[in-house]
Chemist: 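Before we start, here is the structure in question, set down as structure tokens.
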Amino acid sequence: VKGEIPHYTPQVDTAMYTDNVLQVRLALKFNVEVQGRIVKWWDALPKCKGNYGCITRTTYTKLFMAILRELEPHAKLTGTEASRILLADWEYDTGHRGARMMTCEQFYDAMWDFVDTWVPTVDPVDYVEMLDRLDRRGPPHPPVFSSARAQGVLGRKGT
């Protein structure tokens with residue numbers, strides 16, 4: 001149905017892991033449209049005080065929790081399970097345990113890995129659409145940016 005977020009969870013398609021497809025997927029990391037969408041997400045996030053090139057773990061966790069809820073609204077994860085998963089993701093995405101901040105480059109890589117994992121094609125339009133759909137206003141799904149704003153993760157629209 002047009003306007004609905006498709007079910008992205010069938011993530012393990014062996015055809016997505018051939019040498020040729022892996023090269024195409026890696027090239028998508030540098031696609032101008034994909035880059036622009038990820039930078040939009042970064043620009044909307046509040047940065048660490050005194051260090052405008054970083055975000056906190058709290059900001060990261062709230063954002064990715066909103067994304068998780070959007071993509072898997074019926075997931076039966078407890079708060080503890082979700083927190084455990086997001087902490088492991090944070091440690092992987094920042095490169096070490098105990099990290100207090102994430103750089104723009106680390107965030108870019110984390111968002112790209114996320115999109116690359118969840119989009120079942122190698123079409124750049126699908127990667128862009130995934131990022132756009134998470135922020136699209138209106139029914140049937142609440143946009144991630146609006147949800148994150150309500151939680152105090154993002155600034156007001158246009159700031």
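All values below come from the heavy atoms of this structure, side chains included, with hydrogens, waters and symmetry mates left out.
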Chemist: Run the side chain to side chain contact (heavy atoms under 4.5 Å, CB included) check on Glu33 and Tyr127 step by step: do they pass?
Modeler: CA-CA 9 Å; Glu33 294 294 320; Tyr127 280 59; over 6 Å; no
Chemist: Are any of the side-chain nitrogens in Lys29 or Asp109 under 4.0 Å away from the carboxylate oxygens of its partner?
Modeler: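 Result for this pair is yes, salt bridge flagged.
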Chemist: Nearest 0.5 Å, please: how far is OG1 in Thr80 from CD1 in Ile85?
Modeler: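 Result: 11.0 Å between the selected atoms.
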Chemist: Spell out, yes or no, whether Val115 and Leu22 are grouped together once hydrophobic residues are joined by side-chain heavy atoms under 4.5 Å, including indirect joins.
Modeler: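 In one cluster with Val115: Leu22, yes.
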Chemist: What are the two closest heavy atoms between Trp42 and Lys47, and how far apart are they?
Modeler: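 Here Trp42 and Lys47 meet closest at O-NZ, 2.6 Å.
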Chemist: With side-chain hydrogen bond (donor to acceptor under 3.5 Å, both in side chains) as the test, would you mind laying out the steps for Asp113 and Tyr92 before giving the verdict?
Modeler: CA-CA 11 Å; Asp113 284 345; Tyr92 176 81; 4.6 Å; no
Chemist: Please tell me if the side chains of Leu45 and Leu63 come closer than 4.5 Å, counting only heavy atoms from C-beta onward.
Modeler: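 Leu45 reaches Leu63 side chain to side chain.
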Chemist: Given the ring of Tyr17, does Arg25 sit roughly above its face, with NZ or CZ under 6.0 Å from the centre of the six-membered ring and within 45° of the axis?
Modeler: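 Geometry flag: set, cation within 6.0 Å and 45°.
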Chemist: Check whether any side-chain heavy atom of Arg57 sits under 4.5 Å from a side-chain heavy atom of Leu87, and report yes or no.
Modeler: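 SC-SC contact between Arg57 and Leu87 confirmed.
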Chemist: In chain order, what residues pass the ring-ring contact (aromatic ring centres under 6.0 Å, His included) check against Trp112, with sequence neighbours excluded?
Modeler: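 ring-ring contact (aromatic ring centres under 6.0 Å, His included) list for Trp112, sorted by chain: empty.
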Chemist: Run Val21 and Val122 through side chain to side chain contact (heavy atoms under 4.5 Å, CB included) and show every step you take.
Modeler: CA-CA 7 Å; Val21 172; Val122 292; 3.7 Å; yes
Chemist: Answer yes or no: is there a side-chain heavy-atom contact under 4.5 Å between Phe114 and Ile67?
Modeler: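 Heavy-atom side-chain distance check passes, below 4.5 Å.
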Chemist: Rounded to the nearest 0.5 Å, what separates atom CH2 in Trp41 from atom CE in Met111?
Modeler: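 If we round to the nearest 0.5 Å, Trp41:CH2 and Met111:CE are 4.5 Å apart.
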Chemist: For the pair Glu91 (side chain) and Ala88 (backbone), establish whether a donor and an acceptor sit closer than 3.5 Å, ignoring hydrogens and angles.
Modeler: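 Side chain of Glu91 to backbone of Ala88, a donor-acceptor pair under 3.5 Å: no, none is there.
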Chemist: Supply the atom-to-atom distance Met65 CE to Tyr60 OH, rounded to the nearest 0.5 angstrom.
Modeler: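 Nearest 0.5 Å value for the CE-OH distance: 11.5 Å.
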Chemist: Could you report the tightest heavy-atom contact between Val34 and Pro124, atom names first, then the distance?
Modeler: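 In terms of heavy atoms, the two residues are closest at CG2-O, 4.4 Å.
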Chemist: Mind checking the CE-OG1 spacing from Met130 to Thr121? Nearest 0.5 Å is all I need.
Modeler: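 Rounded to the nearest 0.5 Å, the CE-OG1 separation comes to 11.0 Å.
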Chemist: Looking at Lys40 and Leu131, would you say the former's side chain and the latter's main chain have a donor-acceptor pair under 3.5 Å?
Modeler: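 Side chain of Lys40 to backbone of Leu131, a donor-acceptor pair under 3.5 Å: no, none is there.
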Chemist: With a 4.5 Å limit on heavy-atom distance, are the side chains of Val39 and Phe107 in contact?
Modeler: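 The answer is no, as the side chains (C-beta and beyond) never meet within the 4.5 Å cut-off.
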Chemist: Give a yes or no on whether the backbone of Ile55 and the side-chain of Thr59 come within a donor-acceptor separation of less than 3.5 Å.
Modeler: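 No: the side chain of Thr59 does not pair with the backbone of Ile55.
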Chemist: Could you tell me the separation between the CE atom of Met101 and the OG1 atom of Thr94, rounded to the nearest 0.5 Å?
Modeler: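 Met101 atom CE to Thr94 atom OG1 measures 11.0 Å (nearest 0.5 Å).
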Chemist: How far does CD of Gln106 sit from CG of Asp93, to the nearest 0.5 angstrom?
Modeler: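 Output value for this atom pair is 8.5 Å.
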Chemist: Could you go through the side chain to side chain contact (heavy atoms under 4.5 Å, CB included) check for Val128 and Arg37 one step at a time?
Modeler: CA-CA 7 Å; Val128 169; Arg37 295 321 192 279; 3.4 Å; yes
